[in-house]
Amino acid sequence: MTLRLERDGAVATLLIDRPRQHNAMNQEMWERLPQLVQEAMADEAIRVLILTSAASGLFCAGADIHEFARHSGEEDWRVANQAAIRATQYALAHAEKPVIAAIDGDAIGGGCGMAIACDLRIASPSARLGITPAKLGIVYSLFDTRLLVDLVGPARAKRILFTAALHDAEDALAIGLIDQIAPAPLEAAVELARRMAANAQHSIRSSKAIVRRILDGQADDDAETLAMFRDAFTLPDFQEGVQAFRDKRRPRF
């Protein structure tokens, strides 16, 4: 089983477990990962999802290049592979709940793409990140490229793509590819996830949805976002938050 979902209270961990191939993603894995993301989103007990490697010192080496080479002449396979990779990136980027990438090792190509599609990225000091289609003569998709541009800006995105360079953790932090360096990234991700899980989930999920609208090009409120603001005052999370403030205690969401 190369992918699995583990639950620990409000935090779920989606583990990539193909260590002999440096967690390279094959077609079966690309097709399975969105299903596991949706499973986590559908579980009411889960509030935050972490994407990481089952083995330490790894994250994901990207797509399985050997599989690419075997099937490169098959148009049907190329179409199916493109759809599966897009579905994975879309599922991570549009997940209703927060998704954190815990990166302990290399996140290359499609592995870096998956990390970028998450909301936040925590990496170990030994981590390296890079997007390397220019070393293979292939093209990064528009959706993936937009996720990169949204994260680091167009000039840095061009530099990352044109050079196909690997960036160490310090450099990745400086250019915005990651958000935090931690000696034990999974432990740091769990700690952060539990802090998120303790807060009002309606607020978090609505905030994530609004940020996604902004990234997708929306520049002003519409009827739906205005209603999100107004209706929050009528929901149980607001009532509990106000009562906790009055009682001088932590809210229990």
Side-chain angles (χ1 to χ4, degrees), residues 1-6 13-37 39-40 49-93 95 99-118 121-124 126-141 143-145 147-148 151 160-161 163-169 172 177-178 185-186 189:
M1 186 166 53
T2 54
L3 294 170
R4 65 181 185 273
L5 189 66
E6 294 184 352
T13 306
L14 203 169
L15 295 160
I16 310 171
D17 193 4
R18 200 183 179 210
R20 286 189 177 184
Q21 292 77 25
H22 304 286
N23 287 344
M25 297 282 289
N26 60 25
Q27 179 69 8
E28 181 181 3
M29 295 166 72
W30 288 121
E31 292 175 351
R32 179 61 176 149
L33 195 143
Q35 297 170 2
L36 293 175
V37 172
E39 185 178 321
L49 177 64
I50 297 171
L51 176 66
T52 194
S53 170
S56 61
L58 296 173
F59 184 71
C60 176
D64 187 330
I65 303 304
H66 297 294
E67 186 179 59
F68 269 5
R70 287 196 304 272
H71 297 286
S72 61
E74 303 169 23
E75 183 175 0
D76 289 346
W77 185 88
R78 295 198 305 270
V79 170
N81 181 254
Q82 181 182 40
I85 294 174
R86 176 181 170 79
T88 288
Q89 302 296 79
Y90 191 92
L92 292 167
V99 184
I100 304 169
I103 305 166
D104 185 15
D106 287 354
I108 310 298
C112 189
M114 287 194 294
I116 288 170
C118 297
R121 287 146 295 281
I122 302 175
S124 68
S126 61
R128 297 186 302 171
L129 293 88
I131 300 173
T132 55
K135 289 185 176 179
L136 294 169
I138 58 178
V139 179
Y140 212 47
S141 76
F143 183 75
D144 286 357
T145 303
L147 292 176
L148 178 63
L151 190 62
I160 289 167
L161 291 168
T163 65
L166 298 186
H167 301 267
D168 63 25
L177 266 179
I178 62 173
L186 179 55

Grab the two heavy atoms, one from [X] and one from [Y], that are nearest each other, plus how far apart they are.
{"X": "F59", "Y": "A102", "answer": "CD1-O, 3.4 Å"}
{"X": "I160", "Y": "H167", "answer": "CG1-NE2, 3.8 Å"}
{"X": "A93", "Y": "L147", "answer": "CB-CD2, 4.1 Å"}
{"X": "Y140", "Y": "G113", "answer": "OH-CA, 3.3 Å"}

Distance from L15 atom CG to I50 atom CD1, nearest 0.5 Å?
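Those atoms lie 9.5 Å apart.
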
Rounded to the nearest 0.5 Å, how far does OG1 of T13 lie from CG of L51?
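OG1 of T13 is found 9.5 Å from CG of L51.
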
We want to know whether N23 and S53 form a side-chain donor-acceptor pair, criterion being a heavy-atom distance below 3.5 angstrom.
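The criterion, which ignores hydrogens and geometry beyond distance, is satisfied for S53 and N23.
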
Looking only at the side chains, is there a donor atom on one of Q27 and N81 sitting less than 3.5 Å from an acceptor on the other?
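Side-chain D/A pair, Q27 to N81: present.
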
Could you tell me if the side chain of L92 sits less than 4.5 Å from the side chain of V37, heavy atoms only?
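Yes, side chains in contact.
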
Counting C-beta onward and ignoring hydrogens, is there a side-chain heavy-atom pair between P19 and L58 closer than 4.5 Å?
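P19 vs L58: side chains touch.
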
Count the heavy atoms belonging to other residues, nucleotides or ligands that lie under 6.0 Å from [atom1] of [X], then report whether that count exceeds 12.
{"X": "Q35", "atom1": "CD", "answer": "yes"}
{"X": "F68", "atom1": "CZ", "answer": "yes"}
{"X": "H22", "atom1": "NE2", "answer": "no"}
{"X": "E28", "atom1": "CD", "answer": "no"}

Can you tell me which residue among R70, R20, R18 is in a salt bridge (charged side-chain N to carboxylate O under 4.0 Å, His left out) with D64?
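When R70, R20, R18 are each tested with D64, the salt bridge (charged side-chain N to carboxylate O under 4.0 Å, His left out) holds only for R18.
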
Begin with the C-alpha distance, continue with both residues' side-chain angles, and end with the deciding distance and a verdict on side chain to side chain contact (heavy atoms under 4.5 Å, CB included) for Q82 and W30.
CA-CA 10 Å; Q82 181 182 40; W30 288 121; over 6 Å; no

Give the intermediate values and the outcome of salt bridge (charged side-chain N to carboxylate O under 4.0 Å, His left out) for residues D168 and R128.
CA-CA 5 Å; D168 63 25; R128 297 186 302 171; over 6 Å; no

